[in-house]
Amino acid sequence: MDRRNFLKLCSSMAVASMLDTGVIGRALASQGGDFKKYEKALLVKEDGTPLKVEDIKPHTTYIFFYPFVSTPAFLLNLDKEVGPVDLELSDGSKYKWPGGVGPKKSLVAYSAICSHQLSYPTKDYSFIDYYSPENPSKTTKRSGVIQCCAHLSIFDPSQGGKVLDGPAEFPISTVVLSYEEGKLYAVGTLGVEVYQDFFDVYKRDLRKQYGSSRKAKKKSKECKVIEVSKYAKESIKC
Ligand code: FES
(Lines give C-alpha, C1' and ligand atoms only; values in the text may rest on other atoms or scores of the structure.)
Protein backbone atom coordinates (compact mmCIF):
# COMPACT_ATOMS: atom_id res chain seq x y z
CA MET A 1 0.00 0.00 0.00
CA ASP A 2 1.41 3.41 -0.90
CA ARG A 3 1.62 6.31 1.54
CA ARG A 4 -1.35 8.18 0.05
CA ASN A 5 -3.63 5.20 0.39
CA PHE A 6 -2.30 4.48 3.84
CA LEU A 7 -3.20 7.99 4.99
CA LYS A 8 -6.68 7.63 3.51
CA LEU A 9 -7.01 4.36 5.33
CA CYS A 10 -6.00 5.92 8.63
CA SER A 11 -8.49 8.74 8.22
CA SER A 12 -11.26 6.22 7.61
CA MET A 13 -10.22 4.24 10.66
CA ALA A 14 -10.38 7.42 12.71
CA VAL A 15 -13.99 7.88 11.67
CA ALA A 16 -14.77 4.31 12.62
CA SER A 17 -13.09 4.57 16.00
CA MET A 18 -14.98 7.75 16.88
CA LEU A 19 -18.34 6.19 16.21
CA ASP A 20 -20.91 6.28 18.93
CA THR A 21 -21.63 2.57 19.27
CA GLY A 22 -24.83 3.50 21.07
CA VAL A 23 -26.19 4.66 17.72
CA ILE A 24 -25.92 1.13 16.39
CA GLY A 25 -27.41 -0.26 19.56
CA ARG A 26 -30.43 1.95 18.96
CA ALA A 27 -30.75 0.54 15.44
CA LEU A 28 -30.88 -2.94 16.92
CA ALA A 29 -33.49 -1.98 19.50
CA SER A 30 -35.77 -0.31 17.01
CA GLN A 31 -35.71 -2.71 14.09
CA GLY A 32 -35.60 -6.36 15.08
CA GLY A 33 -35.13 -8.60 12.06
CA ASP A 34 -38.23 -7.94 9.95
CA PHE A 35 -38.26 -8.02 6.17
CA LYS A 36 -38.28 -4.55 4.67
CA LYS A 37 -39.45 -4.16 1.11
CA TYR A 38 -37.58 -1.77 -1.21
CA GLU A 39 -37.66 -1.15 -4.97
CA LYS A 40 -37.41 -4.32 -7.00
CA ALA A 41 -34.06 -3.91 -8.78
CA LEU A 42 -32.68 -6.10 -11.56
CA LEU A 43 -29.08 -7.25 -11.14
CA VAL A 44 -27.10 -6.54 -14.30
CA LYS A 45 -23.59 -7.02 -15.63
CA GLU A 46 -21.22 -4.14 -16.35
CA ASP A 47 -22.55 -3.98 -19.93
CA GLY A 48 -26.09 -3.50 -18.61
CA THR A 49 -27.44 -6.92 -19.65
CA PRO A 50 -29.15 -9.08 -17.01
CA LEU A 51 -26.78 -11.00 -14.76
CA LYS A 52 -27.15 -14.75 -15.19
CA VAL A 53 -26.42 -17.39 -12.61
CA GLU A 54 -23.59 -18.81 -14.70
CA ASP A 55 -21.89 -15.37 -14.62
CA ILE A 56 -21.45 -15.63 -10.85
CA LYS A 57 -18.24 -17.51 -10.10
CA PRO A 58 -18.25 -19.61 -6.92
CA HIS A 59 -16.51 -18.10 -3.89
CA THR A 60 -15.83 -14.77 -5.59
CA THR A 61 -16.91 -11.52 -3.96
CA TYR A 62 -19.14 -9.29 -6.07
CA ILE A 63 -20.38 -5.87 -5.09
CA PHE A 64 -23.53 -3.96 -6.00
CA PHE A 65 -25.38 -1.04 -4.44
CA TYR A 66 -28.73 -1.65 -2.80
CA PRO A 67 -31.21 -0.59 -1.45
CA PHE A 68 -29.70 2.87 -1.97
CA VAL A 69 -27.33 3.89 -4.73
CA SER A 70 -24.56 4.46 -2.15
CA THR A 71 -25.02 1.43 0.13
CA PRO A 72 -22.77 -1.49 -0.87
CA ALA A 73 -23.81 -5.13 -0.78
CA PHE A 74 -21.97 -8.37 -1.43
CA LEU A 75 -23.22 -11.06 -3.78
CA LEU A 76 -21.76 -14.55 -3.29
CA ASN A 77 -22.16 -17.93 -4.91
CA LEU A 78 -21.41 -20.36 -2.07
CA ASP A 79 -21.55 -23.31 -4.50
CA LYS A 80 -23.90 -25.36 -2.28
CA GLU A 81 -27.42 -25.11 -0.99
CA VAL A 82 -27.61 -22.94 2.14
CA GLY A 83 -30.39 -22.24 4.65
CA PRO A 84 -32.98 -21.63 5.81
CA VAL A 85 -31.76 -20.65 9.27
CA ASP A 86 -33.46 -19.24 12.36
CA LEU A 87 -31.58 -16.28 13.79
CA GLU A 88 -31.92 -14.72 17.21
CA LEU A 89 -30.80 -11.21 18.11
CA SER A 90 -29.36 -10.24 21.47
CA ASP A 91 -32.67 -8.61 22.46
CA GLY A 92 -34.39 -11.98 22.06
CA SER A 93 -36.21 -11.16 18.81
CA LYS A 94 -36.05 -13.84 16.14
CA TYR A 95 -36.28 -14.00 12.38
CA LYS A 96 -35.93 -16.61 9.71
CA TRP A 97 -33.27 -16.24 7.05
CA PRO A 98 -34.73 -17.90 3.94
CA GLY A 99 -31.42 -19.21 2.54
CA GLY A 100 -29.83 -19.10 -0.88
CA VAL A 101 -31.63 -18.56 -4.19
CA GLY A 102 -31.00 -19.75 -7.74
CA PRO A 103 -31.02 -23.28 -9.18
CA LYS A 104 -28.68 -24.59 -6.45
CA LYS A 105 -30.00 -22.24 -3.74
CA SER A 106 -26.40 -21.13 -3.38
CA LEU A 107 -26.65 -17.40 -4.12
CA VAL A 108 -26.73 -15.01 -1.18
CA ALA A 109 -26.42 -11.26 -0.71
CA TYR A 110 -25.61 -9.15 2.33
CA SER A 111 -25.00 -5.56 3.21
CA ALA A 112 -21.26 -4.92 2.88
CA ILE A 113 -21.40 -2.41 5.76
CA CYS A 114 -19.99 -4.02 8.89
CA SER A 115 -22.58 -4.16 11.66
CA HIS A 116 -19.90 -3.32 14.23
CA GLN A 117 -18.64 0.14 13.28
CA LEU A 118 -19.69 0.50 9.66
CA SER A 119 -16.47 -0.29 7.82
CA TYR A 120 -17.35 -0.73 4.13
CA PRO A 121 -15.64 -1.22 0.75
CA THR A 122 -14.66 2.01 -0.99
CA LYS A 123 -13.11 2.45 -4.43
CA ASP A 124 -9.71 2.76 -2.76
CA TYR A 125 -9.78 -0.23 -0.45
CA SER A 126 -11.96 -2.86 1.13
CA PHE A 127 -11.49 -3.86 4.74
CA ILE A 128 -14.40 -6.26 4.75
CA ASP A 129 -14.44 -9.20 2.37
CA TYR A 130 -15.34 -12.84 1.85
CA TYR A 131 -12.61 -15.44 2.42
CA SER A 132 -12.95 -18.40 0.07
CA PRO A 133 -12.16 -21.99 1.09
CA GLU A 134 -8.96 -21.73 -1.01
CA ASN A 135 -7.83 -18.50 0.67
CA PRO A 136 -8.51 -18.57 4.40
CA SER A 137 -7.75 -15.67 6.66
CA LYS A 138 -4.11 -15.57 7.71
CA THR A 139 -5.09 -14.18 11.11
CA THR A 140 -8.10 -16.26 12.09
CA LYS A 141 -7.56 -19.22 9.70
CA ARG A 142 -11.27 -19.03 8.88
CA SER A 143 -12.65 -19.53 5.39
CA GLY A 144 -16.12 -19.41 3.88
CA VAL A 145 -16.72 -16.33 6.02
CA ILE A 146 -17.12 -12.59 5.65
CA GLN A 147 -14.45 -11.01 7.81
CA CYS A 148 -13.95 -7.35 8.69
CA CYS A 149 -10.31 -6.47 9.30
CA ALA A 150 -11.14 -3.28 11.19
CA HIS A 151 -11.72 -5.20 14.45
CA LEU A 152 -12.01 -8.81 13.25
CA SER A 153 -15.73 -9.38 13.28
CA ILE A 154 -16.57 -12.58 11.41
CA PHE A 155 -19.92 -13.36 9.80
CA ASP A 156 -21.25 -16.59 8.32
CA PRO A 157 -22.79 -16.06 4.87
CA SER A 158 -24.19 -19.61 4.89
CA GLN A 159 -26.19 -18.82 8.04
CA GLY A 160 -27.84 -15.50 7.42
CA GLY A 161 -24.77 -13.42 8.23
CA LYS A 162 -24.66 -14.70 11.79
CA VAL A 163 -21.80 -13.38 13.94
CA LEU A 164 -19.20 -16.11 14.46
CA ASP A 165 -16.63 -14.05 16.31
CA GLY A 166 -15.48 -10.53 17.10
CA PRO A 167 -17.11 -7.44 18.54
CA ALA A 168 -20.14 -7.19 16.19
CA GLU A 169 -23.33 -7.66 18.18
CA PHE A 170 -25.69 -8.61 15.38
CA PRO A 171 -25.60 -10.16 11.88
CA ILE A 172 -24.90 -8.13 8.79
CA SER A 173 -28.26 -7.53 7.16
CA THR A 174 -29.41 -9.69 4.27
CA VAL A 175 -30.27 -8.27 0.88
CA VAL A 176 -33.19 -10.43 -0.14
CA LEU A 177 -32.88 -11.79 -3.67
CA SER A 178 -35.55 -13.15 -5.97
CA TYR A 179 -34.75 -15.52 -8.84
CA GLU A 180 -37.30 -15.27 -11.64
CA GLU A 181 -37.02 -16.85 -15.09
CA GLY A 182 -33.24 -16.80 -15.04
CA LYS A 183 -32.97 -13.23 -13.75
CA LEU A 184 -31.94 -12.03 -10.32
CA TYR A 185 -33.60 -9.17 -8.48
CA ALA A 186 -32.94 -7.49 -5.15
CA VAL A 187 -36.30 -6.91 -3.48
CA GLY A 188 -35.66 -5.85 0.12
CA THR A 189 -33.66 -6.41 3.28
CA LEU A 190 -33.87 -8.64 6.30
CA GLY A 191 -32.20 -8.11 9.65
CA VAL A 192 -30.92 -5.04 11.41
CA GLU A 193 -30.22 -2.18 9.02
CA VAL A 194 -27.50 0.38 9.67
CA TYR A 195 -28.17 2.56 6.64
CA GLN A 196 -29.21 5.68 8.56
CA ASP A 197 -26.07 5.41 10.70
CA PHE A 198 -24.03 4.94 7.54
CA PHE A 199 -25.53 8.11 6.00
CA ASP A 200 -24.91 10.07 9.20
CA VAL A 201 -21.32 8.92 9.77
CA TYR A 202 -20.12 9.17 6.18
CA LYS A 203 -22.14 12.26 5.23
CA ARG A 204 -19.13 14.22 3.96
CA ASP A 205 -17.69 11.32 1.95
CA LEU A 206 -21.07 10.55 0.40
CA ARG A 207 -21.70 14.20 -0.52
CA LYS A 208 -18.31 14.31 -2.21
CA GLN A 209 -18.90 11.11 -4.12
CA TYR A 210 -22.58 11.56 -5.09
CA GLY A 211 -22.94 15.36 -5.15
CA SER A 212 -25.44 15.61 -2.27
CA SER A 213 -26.92 13.55 0.57
CA ARG A 214 -30.20 13.41 -1.32
CA LYS A 215 -28.52 11.82 -4.32
CA ALA A 216 -26.69 9.30 -2.10
CA LYS A 217 -30.04 8.25 -0.63
CA LYS A 218 -31.75 7.59 -3.95
CA LYS A 219 -33.21 4.09 -4.15
CA SER A 220 -31.54 1.65 -6.51
CA LYS A 221 -33.69 0.72 -9.51
CA GLU A 222 -31.11 -1.44 -11.24
CA CYS A 223 -27.89 -2.82 -9.75
CA LYS A 224 -24.64 -3.19 -11.62
CA VAL A 225 -22.71 -6.15 -10.23
CA ILE A 226 -18.91 -6.18 -10.38
CA GLU A 227 -16.15 -8.14 -8.70
CA VAL A 228 -14.81 -6.41 -5.60
CA SER A 229 -11.30 -6.97 -6.93
CA LYS A 230 -12.23 -4.71 -9.87
CA TYR A 231 -14.15 -2.19 -7.76
CA ALA A 232 -11.63 -1.55 -4.96
CA LYS A 233 -8.02 -0.74 -5.82
CA GLU A 234 -6.87 -2.72 -2.81
CA SER A 235 -8.49 -5.48 -0.81
CA ILE A 236 -7.10 -5.51 2.71
CA LYS A 237 -7.04 -9.15 3.75
CA CYS A 238 -6.06 -10.11 7.27
S1 FES B 1 -15.99 -2.11 11.89
FE2 FES B 1 -15.33 -3.19 13.65
S3 FES B 1 -15.24 -5.24 13.01
FE4 FES B 1 -16.00 -4.19 11.29
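Just so you know, ligand 1 is whichever comes first in the structure, and atom 1 is the first atom listed for that ligand.
Here His116 reaches atom 2 (Fe) of ligand 1: one of its N/O/S atoms is less than 2.8 Å from the metal. Among the atoms of Cys148, none of the N, O or S atoms falls under 2.8 Å from atom 2 (Fe) of ligand 1.
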### Message
One pair to check against disulfide bond (SG atoms under 2.5 Å apart): Cys149 and Cys238. What are the steps and the verdict?
### Response
CA-CA 6 Å; Cys149 291; Cys238 58; 2.1 Å; yes
### Task
Tell me, with the steps shown, if Tyr62 and Tyr231 meet ring-ring contact (aromatic ring centres under 6.0 Å, His included).
CA-CA 9 Å; Tyr62 294 87; Tyr231 174 76; over 10 Å; no
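Salt bridge annotation for Lys237-Asp129: present, with a cationic side-chain nitrogen under 4.0 angstrom from a carboxylate oxygen.
Below 4.0 Å from some heavy atom of Ser153 lie the following atoms of ligand 1, by number and element: 3 (S). When each atom of ligand 1 is checked for a heavy atom of Ser119 under 4.0 Å away, the hits are 1 (S).
Considering Lys96, Lys94, Lys162 as possible partners of Asp86, the one that fulfils the salt bridge (Lys or Arg N to Asp or Glu O under 4.0 Å) test is Lys96.
Shortest distance from atom 2 (Fe) of ligand 1 to His151 is reached at ND1 (N/O/S atoms only).
Trp97 and Tyr38 fall within a single hydrophobic cluster, where Ile, Leu, Val, Met, Phe, Trp and Tyr are joined by side-chain heavy atoms under 4.5 Å apart, directly or via other members.
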